[in-house]
*Asks:* 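Got a structure here, written out as structure tokens. Questions coming.
Everything numeric in this text was worked out from a predicted model, so none of it was measured. Just so it is clear, the values below take in all heavy atoms, side chains as well, and ignore hydrogens, waters and symmetry mates. Per chain, numbering begins at 1; letters A, B, ... match sequence-line order.
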2 protein chains.
Amino acid sequence: MAKHDPDLSLLFHALADPTRRAILSRLAKGAAPVSELAAPTGLRLPTVMRHLAVLEEAGLIATAKDGRVRSCAIVPEALTPMRTWLDEQRAIWEARLDRLDDYVMNLMKERANDP
Amino acid sequence: MAKHDPDLSLLFHALADPTRRAILSRLAKGAAPVSELAAPTGLRLPTVMRHLAVLEEAGLIATAKDGRVRSCAIVPEALTPMRTWLDEQRAIWEARLDRLDDYVMNLMKERANDP
DNA sequence: ATCATGCTTAGCCATGTGACTAACTATACA
DNA sequence: TGTATAGTTAGTCACATGGCTAAGCATGAT
């Protein structure tokens, strides 16, 4: 359970932007060149390029240039660390579905210490 | 498949910070007051408070004040939207585990168009 | 009533982020 | 060769983020 996990931070940060998630959804249907990804966003090319750079640094997409066209594709394995983290958390969190009771009981105990 | 999903953005953004993930991990073991959460971070209280505010706005934690102590607890259901998104993506992405082939074939087809 | 504790608010600062325009490069097409 | 196309780079700008200090407020202990 790494305290500083740059992978996870990059991943979550990349996914925190709706534009980037939209690009991913588009790419889920198949590889596409930059312009085609930019079109539905209504954003300028340089802006989209930065989003793509973020996605690529997070390992979520891979790109390659063929002639003057850069083709982008998703990297499915990239979601694995996130899934792992989520499963870890779920394991602990769900083991505590008594959380609310636990929480309330804590408060009550504190109050009880003060008759 | 909402194009603009503020919930997801808030969630992912909240989780993109290692300090906040550490706080969540700590809280997974049970509710705790602000100071106790701040201690292991090495950060000042106001800074930690802001992190807690981000977590709370994302719906990841709930807090309540008892006397002068504010107790914080996780909200397990908060991860559901993220799990849903992840499962959706996995469904599509994994259906395309031929992605690399697909990608390469695309390139080859483009080249083929140019004999 | 006084003081310590625990949080809160206000405000500052450096850096990061997301958007843009404008100018440039490199490939394809005529 | 010249021109359109597809990306790329550089530079600007407003605002968000993450950290801090200093001062304030409410509650519990003496």
*Asks:* Quick check: closest heavy atoms across B/I61 and B/V75, and the distance to 0.1 Å?
*Replies:*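 The pair with the smallest heavy-atom distance is C-CG2, 3.6 Å.
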
*Asks:* C/dT5 C1' sits how many Å from B/D66 CG, rounded?
*Replies:*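 Spelled out: CG on B/D66 to C1' on C/dT5 is 15 Å.
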
*Asks:* Where the side chain of A/R20 meets the backbone of A/A14, is there a donor-acceptor pair that is under 3.5 Å apart?
*Replies:*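 Here the side-chain-to-backbone pair exists.
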
*Asks:* Round to a whole Å and report the spacing from CD of B/E57 to P of D/dG18.
*Replies:*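 Roughly 12 Å, once rounded to whole Å.
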
*Asks:* Could you give the NZ-to-C1' distance, from A/K65 to C/dA28, as a whole number of Å?
*Replies:*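 Rounded to the whole Å, the gap is 13 Å.
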
*Asks:* Measure the distance from CG on B/L52 to P on C/dT9 and round it to the nearest whole Å.
*Replies:*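 Rounded to whole Å, this separation is 13 Å.
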
*Asks:* Give the table of side-chain donor-acceptor pairs shorter than 3.5 Å for residues 36-43 of chain B, with sequence neighbours excluded, one pair per line with atom names and distance.
*Replies:*
residue : atom : partner : partner atom : Å
B/E36   : OE2  : B/R26   : NH2          : 2.6
B/T41   : OG1  : B/A38   : O            : 2.5
B/T41   : OG1  : B/L43   : N            : 3.0

*Asks:* On DNA chain C, does the nearest nucleotide to B/V34 precede the nearest nucleotide to A/G42 from the 5' side, or the other way round? Give the residue.
*Replies:*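 Whichever sits nearer the 5' end wins; that is B/V34.
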
*Asks:* Within residues 43-51 of chain B, which residues have any heavy atom lying less than 4.0 Å from an atom of DNA chain D?
*Replies:*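 When residues 43-51 of chain B is checked for heavy atoms under 4.0 Å from DNA chain D, the hits, listed by number, are B/L43, B/R44, B/P46, B/T47, B/H51.
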
*Asks:* Rounded to the Å, how far apart are A/F12 CZ and D/dT17 P?
*Replies:*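 Taking CZ of A/F12 and P of D/dT17, I get 17 Å after rounding.
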
*Asks:* Does atom CZ of B/R44 have more than 12 heavy-atom neighbours, drawn from other residues, nucleotides or ligands, at distances under 6.0 Å?
*Replies:*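 No, CZ of B/R44 has 12 or fewer neighbouring heavy atoms, counting only those of other groups under 6.0 Å.
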
*Asks:* Under 4.0 Å between a Lys/Arg side-chain N and an Asp/Glu carboxylate O for B/D17 and B/R50?
*Replies:*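 No, this pair does not count.
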
*Asks:* OP1 or OP2 of C/dA4 sitting under 4.0 Å from any side-chain N/O of B/R68?
*Replies:*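 For B/R68, the contact criterion (side-chain N or O under 4.0 Å from OP1 or OP2 of C/dA4) is not met.
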
*Asks:* Measure the spacing between NZ of A/K29 and CD1 of B/I92 and express it to the nearest 0.5 Å.
*Replies:*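 CD1 of B/I92 is found 7.5 Å from NZ of A/K29.
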
*Asks:* Does a side-chain N or O of B/R70 approach OP1 or OP2 of C/dG6 to a distance below 4.0 Å, or not?
*Replies:*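 Result: no.
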
*Asks:* Closer than 4.0 Å, any side-chain N/O of B/H13 to the OP1 or OP2 of D/dT17?
*Replies:*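 Yes, within the criterion.
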
